Amino acid sequence: MNAPHSSRPLRTLGAALVSAALVSAALLSSGCSADVSSPPAASMSKKAVPAALRPYYEQSLSWRPCGGADFECATLKAPLDYARPGTGRDLRLAVSRKKATGPGRPLGSLLVNPGGPGGSAVGYLQSFAAVGYPTRVRARYDMVAMDPRGVADSEPITCLSNKQMDAFTQTDQTPDGRGETDRLVAAYKKFAHGCAARSGRILRHVSTVEAARDMDVLRAALGDRKLHYVGASYGTFLGATYADLYPHRVGRLVLDGALDPTLSSRRINRDQTAGFETAFTAFAEDCVRRTGCPLGTGSVAAARDRLSAFFTSLDSHPVPTGESRALGEPLATMGVISAMYDETAWPQLRTALRSAMRGHGGGLLNLADLYYERDTDGSYANLMYANPAVNCLDLPPAFRTPAEVKKSLPDFRKASPVFGGALAWAALNCAYWPVRPTGTPHALHAKGAAPIVVVGTTRDPATPYPWARALATQLSSATLLTYDGDGHTAYGRGSNCIDNAINTYLLTGRPPTPHTRCR
């Protein structure tokens, strides 16, 4: 959900807020020793699986120590193309787990995904979920993650060199005339061409449907009869897609910060633009009450105008950052957006804005780099490439021409006077994608599935609360759990009400009372 590289309807959980290491693929590295093989899965009868897929479903995972702290890693084999399995064109998908710590009867595996699309689930598991989820949950479940196809260590998509990506992130995202529009379009085309040239083998096969089918292969390889799962942000769409494909294999599913799968890409981007405006309003209301607020101590409207004026000034006069990259409007916009996911980032944003307005842009540049997952050595994580690859395959493009963007600018600017223009132009990227989309907006029902818990946060900037409400309505067995608060997701963020309700569900299968609301 950023310009100029992708429309990014969803964002990785916490990547811009806690640390770049939260979803870092580097966490996969380890010293490996002797393999320990799991027994062949007996969770599905041979009759239930097409003959061509049986070698995948019946494979044994060879586990090896990795990542420290009792983690194990393995590689899952999956067909590149599920329409043509067994042709020798297989994918190798990275899997990690931490075994249940006890006491209590083991409940099987709990698969986790932090979102994105493009976030490393293995990195999230090793840095947070397997150590930060409630003790009672970790005692009863093997905590498991798999990087989806095209992501992190699962045959990652790449598109540009690091220097090319630096230039790409600095492309003017609010073009003022024909020349700047042409340069933005050229940047999108260069990005798309790079993806095709560097990752053409896998680019047609990174859809959410295919990733969900990989999850079922993993479930079988783990020896589990049902899939238990916690997904956040885009991970909710992945989990709901799995439930719709395999409703009778659904165990306990938590979908936190949900996407409405019936929405078009344009509607998703427009709704999310409004969500970021809501988050900015909350930030501004807090800021203007504080002495020394960089946006003034008057009204929220005045703060909004001041930030917009600052962005405009950077368009023509970038400020130095202490390194070769200056802080222009594109990077400054992403720096502010990165702090909108959670109010714990607000103090850092206030300091960064104050410094930038005084001519020192390093703080906002650091926030932008966290959002883009750019390391201090100048290298970029795979998220920046996997994200548009999945999004552009899952849905038709939001806009097909610059003229369509221009026509929609008033609507986007109404949704957010601060971010609307940039985010409208960001949604043009899929127009130039080198492969055609394979998905369309559609409802997910999961008829016959066990109870599913959908969680929505009322002031969620990235996955607005109405999306969670809509998904809960579509899924035939879903219960909506509402968190009245700020932030992108709710589970594990300190709300005892939310955590207790989800813990009870994961441990007993008993969902929250319908219409449960937590504050």
Side-chain angles (χ1 to χ4, degrees), residues 1-25 114-120 123-124 127 151-152 159-160 162 165-171 173 191 232-234 257 269 272-273 275-276 279-280 283 307 311 314 321 323 325 327-353 356 361-388 391 416 418-419 422-423 425-427 429 460-463 487-489:
M1 175 56 235
N2 53 290
H5 82 282
S6 92
S7 57
R8 295 187 71 188
L10 300 175
R11 179 68 174 105
T12 302
L13 176 64
L17 306 175
V18 182
S19 76
L22 179 60
V23 289
S24 171
S120 170
Y124 174 71
S127 64
V151 173
C159 299
L160 300 175
N162 292 327
M165 190 63 186
D166 273 348
F168 192 71
T169 62
Q170 297 176 75
T171 305
Q173 60 191 20
F191 188 99
S233 189
Y234 162 80
N269 279 273
Q272 196 175 44
T273 298
F276 279 108
F280 172 75
F283 165 74
L307 182 61
F311 285 161
L314 292 175
T321 62
E323 61 161 275
R325 292 176 299 153
L327 182 75
E329 183 184 14
L331 289 172
T333 301
M334 288 305 104
V336 174
I337 282 178
S338 75
M340 294 296 101
Y341 286 87
D342 196 292
E343 63 183 270
T344 59
W346 291 358
Q348 184 179 359
L349 177 58
R350 289 194 301 268
T351 300
L353 277 172
L364 274 182
L365 181 64
N366 288 339
L367 282 170
D369 284 349
L370 284 173
Y371 187 88
Y372 283 116
E373 294 199 3
R374 183 187 190 272
D375 206 345
T376 54
D377 65 1
S379 61
Y380 286 84
N382 152 262
L383 170 64
M384 296 300 100
Y385 310 125
N387 183 279
N391 287 338
S416 175
V418 179
F419 307 116
L423 297 184
W425 284 105
N429 73 308
D460 182 344
T463 47
H488 182 27
T489 53

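Residues: numbered from 1 along the sequence shown. Predicted model only: the values in this text are computed from it and were never measured.
Annotation: the span from Cys159 atom SG to Phe168 atom CZ amounts to 9.0 Å, rounded to 0.5 Å. To the nearest 0.5 angstrom, Leu423 atom CG is 4.5 Å from Ile337 atom CD1. Note that CE of Met340 is 13.0 Å distant from CG of Asp460, once rounded to the nearest 0.5 Å. To the nearest 0.5 Å, atoms OH (Tyr341) and OG1 (Thr489) are separated by 11.5 Å. Atoms CH2 and OG1, from Trp346 and Thr351 in turn, are 14.5 Å apart once rounded to the nearest 0.5 Å.
Pro388 places a side-chain heavy atom less than 4.5 Å from the side chain of Asn429. Looking only at side-chain heavy atoms (C-beta outward), Val336 and Leu364 come within less than 4.5 Å of each other. Side-chain atoms of Gln170 and Leu331, non-hydrogen and from C-beta on, do get closer than 4.5 Å to each other. Taking the side chain as every heavy atom from C-beta outward, Pro330 and Thr171 never approach each other to under 4.5 Å. Looking at Met165 and Arg374, their side chains never come closer than 4.5 Å, going by heavy atoms from C-beta outward. Between Tyr380 and Leu160, every side-chain heavy-atom pair lies at or beyond the 4.5 Å cut-off. Considering only heavy atoms from C-beta on, Asn382 stays 4.5 Å or farther from Glu373 through its side chain.
Counting only distance, with no hydrogens or angles, the side chain of Gln272 and the backbone of Ala462 share a donor-acceptor pair below 3.5 Å.
Listed by chain and number, the residues in a side-chain hydrogen bond (donor to acceptor under 3.5 Å, both in side chains) with Glu329 are Thr174 (sequence neighbours excluded). Considering only residues two or more places apart in sequence or on other chains, Arg325 meets the salt bridge (charged side-chain N to carboxylate O under 4.0 Å, His left out) condition with Glu323, Asp369.
Of the options Leu367, Thr169, Asp166, a side chain to side chain contact (heavy atoms under 4.5 Å, CB included) to Tyr372 is made by Thr169 and by none of the others.
Classified by interplanar angle (parallel below 30°, tilted 30° to 60°, perpendicular above 60°), the ring pair Phe419/Phe311 is tilted.
For the pair Ala352 and Gly363, the tightest heavy-atom approach, listed with the atom from each and the gap, is CB-C, 3.6 Å. For the pair Ser338 and Ala368, the tightest heavy-atom approach, listed with the atom from each and the gap, is OG-N, 4.5 Å.
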Q) Passes side-chain contact (heavy atoms from CB on, under 4.5 Å), Leu314 versus Thr333? Steps please. A) CA-CA 10 Å; Leu314 292 175; Thr333 301; over 6 Å; no
